[in-house]
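Letters A, B, ... mirror the listed sequences (proteins, then strands); counts begin at 1.
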Number of protein chains: 2
Amino acid sequence: MATLKDVAKEAGLSVGTVSRVLNNRGYISEETRESVHRAMKRLNYQPNEMARSLSRQRSSMIGVIVPNIAHPYFSMLISCLENAFHREGYEMLLFASHGKADQEEEYVRACVSNRVAGLILCTGSVKTARLRNLGFPVVTFERFLNDADAGVECDNYGGGVLAAQELISAGCRNVASIGGGGDVSMPADGRQEGFLEECGRHEDVRVHSFSCSVERILDMEYLPEICRFLEQVPDVDGVFANSDVIALQVISALQKKGRKVPKDVRVIGYDDVLPLNIINPALTTIHQPVAEMAEACVMIIKKASQGESFPVRTIFHVTLVRRETT
Amino acid sequence: MATLKDVAKEAGLSVGTVSRVLNNRGYISEETRESVHRAMKRLNYQPNEMARSLSRQRSSMIGVIVPNIAHPYFSMLISCLENAFHREGYEMLLFASHGKADQEEEYVRACVSNRVAGLILCTGSVKTARLRNLGFPVVTFERFLNDADAGVECDNYGGGVLAAQELISAGCRNVASIGGGGDVSMPADGRQEGFLEECGRHEDVRVHSFSCSVERILDMEYLPEICRFLEQVPDVDGVFANSDVIALQVISALQKKGRKVPKDVRVIGYDDVLPLNIINPALTTIHQPVAEMAEACVMIIKKASQGESFPVRTIFHVTLVRRETT
DNA sequence: TATCATATATCAATCGATTAACACACCCAG
DNA sequence: CTGGGTGTGTTAATCGATTGATATATGATA
């Protein structure tokens, strides 16, 4: 494996010069630059990132910790993050906490050991105090953590309001919200809040709410909650599900009970994650601009690394995507 | 940030001894070991993985390159890989090639630069010659690449046979296979092959086959192909889709044409990826043991790193999971 | 008593790149 | 002809851990 030294020798230059070419520092003539690049190509030189990171005291990796990689929402988020990383020259170190606090902390430590450029936390059971003085910026994604450096969210409350308006204007008068309300407080709780408050503004609308435990979010099995809910409110005519995954299972359960969607019951989801919306009937949902949110996380880390100022809290608008279930 | 030296000083020992504790080498008394651990805890020491990797000439990361992170099949695979990595003490460096050969090569180079312990390729457009002498083992996942060190697949041909048998024994006599047959040859093509050959063994069964371009696999939009197919074979009574994502869209398209699943048309998918199978009607599909396959990839890399011998080709059995669409 | 296994220290090189200090050119402009 | 900008070389320290050589000091064992 060729080293910088080998490249220098091959090009008949000093390591200092070659390093300057690699890092675009100081004075370099066009001729030298090209000669270095030719030498690198001839030797098939690949800079040793370990050595660079050691020297620079910082790697070009960003740590990402999510609760569950296979969940469509997180897999889409990871995908968007990967795009943004690529664009900005970062690499992704990915971990899944499975909602376990100890595993989460282990992964935070792994990030420290790897001297990452930053950490994006989409999981919130970490003892926040452990995030202080890590040596790199920590950004939370749709979570609250006091000791993080910044947070990126979507307008969850507004999304809940949009959902309520859609159901009510479609004629629903006996609606329910399902999901959220776990034991840890998170931004997504705002969805239910917005939904309930908006419904409260309409006197003729009855509203119910059901919460799911966090474990459900991990294994994506909401059926017990959904069945309990359908038994308690058999005549529901509008459902706001906290996520598309829940919404799909609601539709499935309704259809099994012989209730037609959207004729008998209208359903609206949250997230707008493919491929869940390709199915029949296509799900009306609240669209989160995940790509932009991912981009924002990366830019915050980039700015923080360069000592520039960055927003502590970034909140994105959500939009209603009307399809076939409302 | 505390270093090994600081720990040594804090514990009143030499760096050599502390290093021996960290790496479990040579003679260490229980007393010393504990004293080192106490000192590490007191200083909140986190070993610098960059320095370790530089010194060892190898990091504890494994590179993973997939075509598309958000595709349910790959997100499940990534999730399973992450579990296996965690169990074996590796970390994941994740990349998405989006099917672009140049991006793929760029990511292979990134893995070289990061001196990964191994690379898992779930994407196959790389010029195979570029995989020679990378300095770490390369394992392909459901791909063919001559220059890789090992490959892990499932019994695609057998899966196709199972699907055919299921449809035929359910009474289908005019069946179709959809998906596969892209421009690059891959193991998954065997599904169609097995399906067609098994159907060929039954004289009274008519069989059709349709292929999808690779781009479809990336954006998960198969509707054009599916509609074309449904027009050409309007009286189809059994469909074998090359993946669950395709199967769902087939069901969706059939329902829109007023054809009932499974009454009029039986459908069977491939992969068995949640949450696609939670929907209604629940999809009958061919189950791939992705977790075991992921595990196999990791063990191959582990064995190769330790100089032990490993299987060049590992093929896993698949099973039929009968649900509601057949 | 001699030997061996255990346990630790000291020292220094090494991994591969970054970077600062300093020196030496050259060329151009004032 | 002199000062300043440009371009490059040399040298050496540094980042933090690994590792081998060598030395020393216990005990226990033969």
Ignoring backbone atoms, establish whether Tyr27(B) has a side-chain N or O less than 4.0 Å from OP1 or OP2 of dT6(C). yes
Rounded distance (Å) that lies between atom P of dA17(C) and atom CG of Leu54(B): 9 Å
Met1(A) CE - dG16(C) P separation (whole Å): 10 Å
How are the rings of Tyr73(A) and Phe141(A) set relative to one another: parallel (under 30°), tilted (30 to 60°) or perpendicular (over 60°)? tilted
Side-chain donor-acceptor pairs of residues 107-122 of chain A under 3.5 Å, sequence neighbours excluded:
residue, atom, partner, partner atom, Å
Tyr107(A), OH, Gln103(A), NE2, 3.2
Tyr107(A), OH, Glu82(B), OE2, 3.1
Ser113(A), OG, Pro47(B), O, 2.9
Asn114(A), ND2, Ala110(A), O, 2.9
Asn114(A), ND2, Glu91(B), OE1, 3.1
Arg115(A), NH1, Val112(A), O, 2.8

Which whole-number value in Å describes the distance from Glu49(B) CD to dC15(D) P? 19 Å
According to salt bridge (Lys or Arg N to Asp or Glu O under 4.0 Å), does anything in residues 50-78 of chain A pair up with another residue at least two apart or in another chain? List the pairs. Glu49(A)-Arg52(A)
Distance check needed: dA17(C) C1' versus Asn114(B) CG, whole Å only. 14 Å
Are the side chain of Asn83(B) and the backbone N or O of Leu81(B) linked by a donor-acceptor pair below 3.5 Å? no
For the pair made of CG in Asp6(A) and P in dG16(C), what is the distance, rounded to whole Å? 9 Å
Distance in angstrom units between Arg58(A) CZ and dC15(D) P, rounded: 15 Å
Does anything in residues 1-28 of chain B form a salt bridge (Lys or Arg N to Asp or Glu O under 4.0 Å)? List the pairs, not counting sequence neighbours. Glu10(B)-Arg42(B)
From dA17(C), dG16(D), dA5(C), pick the nucleotide closest to the side chain of Asn48(A)? dA17(C)
Would you tabulate the nitrogen or oxygen pairs shorter than 3.5 Å linking the protein to nucleotides 18-24 of chain C?
residue, atom, partner, partner atom, Å
dT18(C), OP1, Asn23(A), OD1, 3.1
dT18(C), OP1, Asn23(A), ND2, 3.2
dT18(C), OP1, Arg52(A), NE, 2.8
dT18(C), OP1, Arg52(A), NH2, 3.2
dT18(C), OP2, Ser19(A), OG, 3.1
dT18(C), OP2, Asn23(A), ND2, 3.2
dT18(C), O4', Ser55(A), OG, 2.7

Check the distance between dT18(D)'s P and Ile28(B)'s CD1 and give it to me in whole angstrom. 12 Å
Would you find a donor on one side and an acceptor on the other, under 3.5 Å apart, between the side chain of Asp149(B) and the backbone of Pro137(B)? no
Would the distance check show the side chain of Asn68(A) and the main-chain N or O of Ala70(A) forming a donor-acceptor pair, the cut-off being under 3.5 Å? yes
Sorted by number, the residues of residues 7-14 of chain A with heavy-atom contact under 4.0 Å to DNA chain D: Gly12(A), Leu13(A), Ser14(A)
For residues 306-316 of chain B, dump all side-chain donor-acceptor pairs below 3.5 Å to protein atoms at least two apart in sequence or in another chain.
residue, atom, partner, partner atom, Å
Arg313(B), NE, Glu153(B), OE2, 2.7
Arg313(B), NH2, Glu153(B), OE1, 3.2
Arg313(B), NH2, Glu153(B), OE2, 3.4

Separation of Leu43(B) atom CG from dG16(D) atom P, in whole Å? 14 Å
Is any side-chain heavy atom of Asn48(B) less than 4.5 Å from a side-chain heavy atom of Thr3(B)? no
Nearest-nucleotide check on DNA chain C, Thr17(B) vs Thr3(A); residue mapping nearer the 5' end is Thr17(B)
Side chain of Gln57(B) - closest among dG7(D), dC15(C), dG16(D): dC15(C)
Is Ser29(B) near enough to dA7(C) that one of its side-chain N or O atoms lies under 4.0 angstrom from OP1 or OP2? no
